[in-house]
Amino acid sequence: LLSQMGPDALLTMILRKHPSQRSAEDLEVIYEELLHVKAVAHLSTSVRKELAAVLVFETHGKAGTVLFSQGDKGNSWYIIWKGSVNVITHGKGLVAKLREGEDFGQLALLNDAPRAATIILREDNCHFLRVDKQDYIRILKDVEANTVRLEEHGHTVLVLEKSTTDSTDQGGAGGSSKYTVMSGTPEKILEHLLEKVKLDTNGNDTIDSCVGDFLLTHKIFMASSQLCPALQHQYPLMFTGSELEKADYSLAARQKVVKLLGQWVLLYGRLLKDDPVALDFLEVRPPPLPGQTHPMGQWPESENGNHSLRAIYGELSCLPLLIMSRVSVVFFTLVLYEISRPDNIPITLMLPVNTSVQEVLSAVVKPGADYVLVKMNSMGDRAQLKLDSSAVSVGLGLNERLFMCTSSQVERLRPLKEQQGPEQGTADALEQMCSKDVASQLTHYDWELFTAMHEVELIYYVFGRSKFPGATTANLQRFVRRFNEVQYWVATEVCLCQDLMKRAALLKKFVKIASVLKEQRNLNSFFAVMFGLSNSAVQRLYKTWERIPSKTKRIYCAYERLMDPSRNHRAYRLAVAKLSPPYIPFMPLLLKDMTFIHEGNKNYKDKLVNFEKMVSQTKLFVHHKCGSCTKLINFNVKALVSFASDIKCISIFCSG
Ligand code: CMP
């Protein structure tokens, strides 16, 4: 009988056998056949042999059969042996057709995520080779192609790559996800990240850090005006069917969107006020009465008894409360504006760091008066500031000052005497102060500036603030300015000290201060002090350097090695790698690294968002403040909701 069978029938018969009953020859036949199957042809001999031993033959008779649905748990990987299938996703419908030799169903297995699409048979009598999850993981996880590409309507929409780094990177929950987003269309990346949001009924839900990366960088590739409709699109308005499964799916999908919104609010907080589209979208009106339409869609009558739906509704309704409270916290740090007038009478004002020139002027003179704001350096070079420029005080050079006058007076302005720099140092006073106290004060102030800065300011700064309407980098500029202040303060103090002995004592003191700053993990001021000491005006004071104790000199030399820029600041990077957060990074180097990545990598690759670039940018700074991003990412919405129900708590939470 066997000899009379055609090769196809023989193969089918072998495949139909239970894997444990296949003989060595059977396996050989299957193995040979796999050489011609597109999905596995590229795999090594040993992998194909292992596959031959576990493949299960699965047939389905009727076109229209649903093999599995989006949102289902993934149990197997499929290769199409005969026939074809449709790939269907919620909200988009048919996105791709897969044919003989192609495979599907690997995503859910690789990322331990729910099925990303529904698979429906396109024709009668389809045959599949199925590999169950355990076997798939054992045999293929480590050898399967490094790149997974998803297509929709013939165009690539998402490229995932096996991550070679550890789970702390994009991985998230316990390193379970092995494939990370390299590039994709903004909508597909969002859809994929939402799928990966885990909902844990115990409230221990975690969110992948790449969701935070997405939220921090979304404006580069997806303005809020695109993000909001895309989120709305991902939020199923109605239950499309009555089956419990679909209801479950919609419920989970809604919860995921809500979770992401919660992260968004937490991440941006006060800055959302700059984003009218986002604010409008997140604004949630009072609970709808029965039969009324909720902004996110209609709540079906049948859900009245469903407690979990109520729970989500609770989550939604707490959002505006959160936003209000987060946004109403002091919007921007107040900074001192010192403005001189032609008559030399100074004006001092406390204004938010981000104030525009127009607002500064109207705080001082009547609207419509012919006054202008000018910045001038010690050489007398002046520039009239545009009315819509903002944060001008933090953008001033160290020897620049602000002046206010009528436009006809601009030419008559002269630099202030103080702009020439101080004539006397404060070495005597410094001598009285303990190095530790000085360092602590420096760190205290730096920490204040550092925490006032929002991570997204770094993104705006590196990608070009003008590209993001309403974006600010004021707090970042303020922090960078501080670095220069400290650096020049050190050099100036040393140079102004006339007495050789005192100067040597001052040098020693600054080395000691640097040492305490390093201990305090304030690398920014540590470097500022060291830069001050390495200023050529200080370096050439040979006699002074000769007088400092050799121990101090040794410490100084060791610190100098940390500043060595060779091999891309290797010494510094090694030292930092040993630090645990929180620490204050050496800001100029952080900005340099970000700029380097920015300039060396395009924002788009083959018309897809280069998400890998976005992740590598945020990875550079996300770990410095332990109290910020990383913590937020793992914040759980349920805890937030219980917070939100208590107004008192919320204000503590926000001010904290
Ligand atoms: P998985 O998520 O396990 O189940 C659905 C499968 O459809 C998915 O793995 C992919 O293998 C396949 N697929 C093909 N194209 C797409 C697409 N554009 N979006 C989502 N899934 C797709």
Side-chain angles (χ1 to χ4, degrees), residues 37-40 42-43 56 58 60 65-81 83-122 126 128-137 139-141 144-162 176-199 208 230 233-234 236 245-246 248-249 252-253 256 606-609 611:
V37 177
K38 190 174 140 197
V40 290
H42 63 284
L43 298 172
V56 178
E58 186 173 313
H60 292 274
T65 307
V66 177
L67 209 54
F68 55 72
S69 300
Q70 186 171 354
D72 285 357
K73 194 165 177 288
N75 298 320
S76 326
W77 173 56
Y78 294 85
I79 300 164
I80 307 175
W81 181 251
S84 58
V85 299
N86 283 337
V87 181
I88 289 162
T89 66
H90 283 282
K92 286 188 195 151
L94 177 65
V95 295
K97 293 171 191 159
L98 302 175
R99 299 188 171 77
E100 215 166 280
E102 295 184 304
D103 66 308
F104 57 87
Q106 79 285 45
L107 269 193
L109 310 187
L110 292 170
N111 281 336
D112 215 4
R115 294 290 191 196
T118 300
I119 302 288
I120 299 186
L121 266 50
R122 297 186 67 221
C126 289
F128 301 94
L129 299 179
R130 197 187 78 215
V131 178
D132 291 334
K133 184 172 177 175
Q134 271 179 330
D135 294 321
Y136 181 86
I137 300 285
I139 303 171
L140 281 163
K141 203 189 70 172
E144 187 37 46
N146 281 323
T147 313
V148 175
R149 283 173 184 276
L150 294 188
E151 294 196 353
E152 287 180 5
H153 311 295
H155 299 285
T156 305
V157 288
L158 192 69
V159 180
L160 304 171
E161 211 162 272
K162 192 186 288 177
S176 57
S177 67
K178 300 293 184 294
Y179 276 66
T180 54
V181 180
M182 288 291 123
S183 58
T185 61
E187 290 79 11
K188 192 70 184 179
I189 296 178
L190 176 69
E191 186 185 308
H192 178 75
L193 295 180
L194 275 171
E195 249 150 35
K196 295 217 301 181
V197 172
K198 297 228 169 10
L199 297 167
D208 256 26
H233 192 76
Q234 294 291 329
E245 267 174 34
K246 282 189 182 157
D248 274 355
Y249 177 79
K256 288 176 178 187
D606 307 327
K607 295 198 188 136
L608 298 175
V609 176
F611 195 63

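Whatever order the structure lists ligands and atoms in, that order sets their numbers, starting from 1.
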Salt-bridge present ([X], [Y]; N to O < 4.0 Å):
X	Y	answer
K188	E191	yes
K256	E195	no
D132	R130	yes

**Message:** If we only consider heavy atoms of G105, is any one of them less than 4.0 Å away from an atom in ligand 1?
**Reply:**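 It does, in that a heavy atom of G105 comes within the 4.0 Å cut-off of ligand 1.
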**Request:** Answer with yes or no whether W77 contacts ligand 1, where contact means a heavy atom under 4.0 Å from a ligand atom.
**Result:**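 No, W77 has no heavy atom closer than 4.0 Å to ligand 1.
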**Request:** Would you check if L160 and T180 make a side-chain contact, meaning some heavy-atom pair closer than 4.5 Å?
**Result:**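 No; the side chains remain at least 4.5 Å from each other.
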As an exercise, identify every atom of ligand 1 less than 4.0 angstrom from a heavy atom of [X].
X	answer
A108	1 (P), 2 (O), 3 (O)
R115	1 (P), 2 (O), 3 (O), 4 (O)
F68	4 (O), 5 (C)

Mind checking whether [X] has an N or O less than 3.5 Å away from an N or O of ligand 1?
X	value
E152	yes
E191	no
F104	no

Closest protein heavy atom (residue, atom, distance) for [atom]:
atom	answer
atom 9 (O) of ligand 1	L107 CB, 3.3 Å
atom 21 (N) of ligand 1	A117 CB, 3.8 Å
atom 2 (O) of ligand 1	A116 N, 2.7 Å
atom 10 (C) of ligand 1	Q106 OE1, 3.6 Å

**Asked** Should the ring pair Y78 and F104 be called parallel, tilted or perpendicular, given that the plane angle runs from 0 to 90° and is split at 30 and 60?
**Response**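 Y78 vs F104 ring planes: parallel.
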**Prompt:** Which is closest to atom 22 (C) of ligand 1 by heavy-atom distance: T89, I119, L110, V87?
**Reply:**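 Heavy atom nearest to atom 22 (C) of ligand 1 belongs to V87.
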**Asked** Which option, K188, H155, E151, owns the non-hydrogen atom nearest atom 20 (C) of ligand 1?
**Response**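 Among K188, H155, E151, the closest heavy atom to atom 20 (C) of ligand 1 belongs to K188.
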**Exam field: side chain S69 to backbone D72, donor-acceptor pair closer than 3.5 Å** =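 The answer is no, because no donor-acceptor pair under 3.5 Å joins these two groups.
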**Asked** Short question: side chain of N86, backbone of I119 - any donor-acceptor pair under 3.5 Å?
**Response**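 No; judged by distance alone, with no hydrogens or angles, the pair does not exist.
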**Message:** Using every non-hydrogen atom in the two residues, find where A117 and T89 come nearest and quote the distance to one decimal.
**Reply:**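 That would be CB-CG2, 3.7 Å.
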**Prompt:** If you round to the nearest 0.5 Å, how far is CD of Q70 from CZ of R115?
**Reply:**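 R115 atom CZ to Q70 atom CD measures 11.5 Å (nearest 0.5 Å).
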**Item:** ligand 1 contact on V95 by region, counting heavy-atom pairs under 4.0 Å
**Value:**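 The side chain, only.
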**Distance flag, aromatic centroids of Y136 and W77, threshold under 6.0 Å** =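 Aromatic pair counts; centres sit under 6.0 Å.
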